[in-house]
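Worksheet for the structure shown next.
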Amino acid sequence: MAVMMVFIALTLAVPGDTLERAALRPIAALGATEENMAVFFSLCGGLRAFALFMNGHINNGRVFPSGANIRAIGALLSAMVWGQLTLALFLDAFQANSASLNIPIFGTLTMFELLTCFIARKDAVRRKDTLEGQIVALKEEAAGQGVSLVPAPPGPSPEQVISDIRARRRANARGERADG
């Protein structure tokens, strides 16, 4: 659906009065220009595609469930857009005494976007529960083996490392061992 939103943006960017056609006139009457709608659709479609990329490539259960939350927000925004288009066509159908074939298409898109939003939120909650469950299981396993999970002490400072390297070089130049 992200690709469809980008294609709608490209269609609106083509010269001509797309919003002045009978079915989309209510949207134009609200003050929406074709340029504004093209920018809006391209941003929504681009953000949606980016969220899908993030969700699939970065948040594979290793980080946080934020990819699924971004996906849910994108689906909700898309559902609002498709719902507004459905409503505009529906209102136009009453005025023209004939229904548009796009009403069921946009209505179906609205319903499935809302379903996508629900599934994405459920996925985010499941990922969070899974990550928390994995952390608890690792802590219990470590405690069962007598391992204490405490942070490692900090290593030597960069200045100390440089000083040690210089001391070894001086010792090697003199033919000595720097290990003490």
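By convention here, the first residue in the shown sequence is residue 1.
- Taking each heavy atom of Gly83 and Thr110 in turn, the nearest pair found is N-OG1, 3.1 Å.
- Here Arg121 contributes atom CZ and Arg71 contributes atom CZ; the two are 11.0 Å apart, rounded to the nearest 0.5 Å.
- Counting heavy atoms from C-beta outward, Ile105 and Asn102 have side chains that approach closer than 4.5 Å.
- Here Met37 contributes atom CE and Cys44 contributes atom SG; the two are 9.5 Å apart, rounded to the nearest 0.5 Å.
- Taken to the nearest 0.5 Å, the OG1 atom of Thr116 stands 12.0 Å off from the CE atom of Met111.
- At a threshold of 4.5 Å between side-chain heavy atoms, the hydrophobic network of Ile, Leu, Val, Met, Phe, Trp and Tyr places Leu85 and Phe112 in one connected group.
- Across all non-hydrogen atoms, the minimal contact from Ala75 to Cys117 is CB-N, 3.7 Å.
- You'll find the side chain of Val81 stays beyond 4.5 Å of the side chain of Leu77, heavy atoms only.
- Both Leu109 and Ile119 are assigned to one and the same hydrophobic cluster, defined by single-linkage of ILVMFWY side chains at heavy-atom distances under 4.5 Å.
- Placement of Leu114 and Ile103 in two distinct hydrophobic clusters is found when ILVMFWY residues are connected by side-chain heavy-atom separations under 4.5 Å, directly or transitively.
- When atom types are taken as modelled, the side chain of Thr86 and the backbone of Trp82 share a donor-acceptor pair closer than 3.5 angstrom.
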